[in-house]
Amino acid sequence: MKQVVALLLALMLASCTHVRSSQDVSLDAEGTWLVLPLVNRTGTPQAGLRAAAIVESVLYRHGVTTVDSYPETGNDGLLFEASSSANREKMDRWVQSQSAQYVVSGVVHEWRYKTGVDGEPAVGVMLEIRELPSGNIVYSGTGARAGWARSSLSQTGQKVIDKLLAPVIR
């Protein structure tokens, strides 16, 4: 019986999203929010772009009325690496040209299916929100989750990003 309880507890813990974040904040959903591509620190192509698309969707779901994503131009969508200094400068110029209250950026540090029999999805994301025009960081959080064998990366990523953003939007 103890083994069954231990197994059930281990399964419950394996499906939890682990989140660490800065102080509690309450940011205005009525303002304009900008979403930048997240820096991809994984071996998975376009993980940062995928996560940024999920951020945009989660913001809308939590009542943000205006969300503008960084526009893809040329071949940026194919091989975009948000961490290159040239692309970061381009994004900074775009942010400065916008009339917005907040900008969301971050890093994807895990976005893959684990190796093994079940191939569970594993996601790790860090998000930060800056208030504009000052550029001060008002929120920073990191979250990670390993999904079940039949879960998708997008579904797992959505749960992590939702857990990070839900408490900060009023």
Side-chain angles (χ1 to χ4, degrees), residues 17-22 25 27-113 121-147 151-169:
T17 303
H18 300 283
V19 172
R20 298 275 185 238
S21 63
S22 61
V25 293
L27 304 177
D28 188 8
E30 296 296 318
T32 298
W33 292 60
L34 304 177
V35 177
L36 297 177
L38 278 61
V39 175
N40 184 5
R41 296 280 186 232
T42 74
T44 305
Q46 297 185 338
L49 291 172
R50 294 172 189 179
I54 292 171
V55 166
E56 185 176 351
S57 173
V58 168
L59 288 171
Y60 278 124
R61 191 171 67 239
H62 288 291
V64 174
T65 55
T66 307
V67 180
D68 292 327
S69 296
Y70 181 75
E72 292 183 33
T73 57
N75 290 329
D76 287 351
L78 298 175
L79 297 172
F80 190 90
E81 183 58 49
S83 63
S84 79
S85 60
N87 284 330
R88 296 302 296 170
E89 288 175 20
K90 234 167 99 174
M91 288 189 293
D92 286 345
R93 284 194 302 274
W94 178 75
V95 167
Q96 292 170 5
S97 73
Q98 303 300 303
S99 177
Q101 284 69 43
Y102 307 105
V103 61
V104 182
S105 60
V107 177
V108 178
H109 46 85
E110 187 171 24
W111 194 274
R112 65 185 177 94
Y113 288 99
V123 170
V125 176
M126 185 283 292
L127 295 177
E128 86 180 9
I129 301 171
R130 293 180 180 266
E131 193 169 41
L132 297 174
S134 70
N136 294 333
I137 297 172
V138 293
Y139 173 80
S140 179
T142 187
R145 180 184 181 99
S151 300
S152 70
L153 271 173
S154 294
Q155 179 184 26
T156 305
Q158 202 170 36
K159 288 178 181 178
V160 170
I161 291 168
D162 185 69
K163 192 96 168 188
L164 287 167
L165 292 176
V168 303
I169 301 167

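Hydrogens, waters and symmetry mates play no part in the numbers below; they use all other heavy atoms, side chains included.
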Next on the checklist: For Ala47 versus Thr42, what's the shortest heavy-atom pair and its separation?
Outcome noted: CB-OG1, 3.7 Å
Checklist entry - Can you check side chain to side chain contact (heavy atoms under 4.5 Å, CB included) on Thr32 and Gln101, steps first, answer last? => result CA-CA 6 Å; Thr32 298; Gln101 284 69 43; 3.7 Å; yes
Checklist entry - Between Glu128 and Ile137, which heavy-atom pair has the shortest distance, and what is it? => result OE1-CD1, 3.5 Å
Item to check | Min side-chain heavy-atom separation Tyr102-Asp28 under 4.5 Å | outcome: yes
Next on the checklist: Are the side chains of Gln98 and Val103 in contact, using a 4.5 Å heavy-atom criterion?
Outcome noted: no
Item to check | Contact summary for Ala29 and Gly63, nearest pair of heavy atoms | outcome: CB-O, 3.4 Å
Checklist entry - Would Leu34 and Leu132 count as a side chain to side chain contact (heavy atoms under 4.5 Å, CB included) if you check the C-alpha gap in whole Å, the side-chain angles of each, and the deciding distance to 0.1 Å? => result CA-CA 10 Å; Leu34 304 177; Leu132 297 174; 4.1 Å; yes
Item to check | Value rounded to 0.5 Å, distance of CG in Leu164 from CG in Leu127 | outcome: 5.0 Å
Next on the checklist: Minimum heavy-atom separation for Leu38 and Ser105, please, with both atom names.
Outcome noted: CG-C, 4.5 Å
Next on the checklist: Using side-chain heavy atoms (C-beta onward) and a distance below 4.5 Å, is Ser152 in contact with Tyr113?
Outcome noted: yes
Next on the checklist: So, taking the atom named CG in Leu36 and the one named CG in Asp92, what distance separates them when rounded to the nearest 0.5 Å?
Outcome noted: 8.0 Å
Checklist entry - Rounded to the nearest 0.5 Å, how far apart are CH2 of Trp94 and CG of Asn87? => result 14.0 Å
Next on the checklist: For Ala51 versus Trp111, what's the shortest heavy-atom pair and its separation?
Outcome noted: CB-CZ3, 4.1 Å
Checklist entry - Run the side chain to side chain contact (heavy atoms under 4.5 Å, CB included) check on His109 and Thr142 step by step: do they pass? => result CA-CA 10 Å; His109 46 85; Thr142 187; 3.5 Å; yes
Checklist entry - Given side chains that start at C-beta, do those of Asp162 and Arg61 come closer than 4.5 Å, heavy atoms only? => result yes
Checklist entry - Looking at residues at least two apart in the chain, or sitting in another chain, which of them share a side chain to side chain contact (heavy atoms under 4.5 Å, CB included) with Val107? => result Val39, Arg41, Met126
Item to check | Spatial distance of atom CD1 (Ile161) from atom OG1 (Thr156) [nearest 0.5 Å] | outcome: 11.0 Å
Checklist entry - To the nearest 0.5 Å, how far apart are CD in Gln46 and OG1 in Thr44? => result 11.0 Å
Item to check | Heavy-atom side-chain proximity of Trp33 to Leu27 below 4.5 angstrom | outcome: yes
Checklist entry - Excluding sequence neighbours, so at least two apart, what forms side chain to side chain contact (heavy atoms under 4.5 Å, CB included) with Ser134? => result Glu131, Asn136
Item to check | Non-hydrogen atoms of Thr65 and Glu30 that approach each other most closely | outcome: OG1-O, 3.5 Å
Checklist entry - Taking atom CD1 of Ile169 and atom CD1 of Ile129, what is their separation to the nearest 0.5 Å? => result 6.5 Å
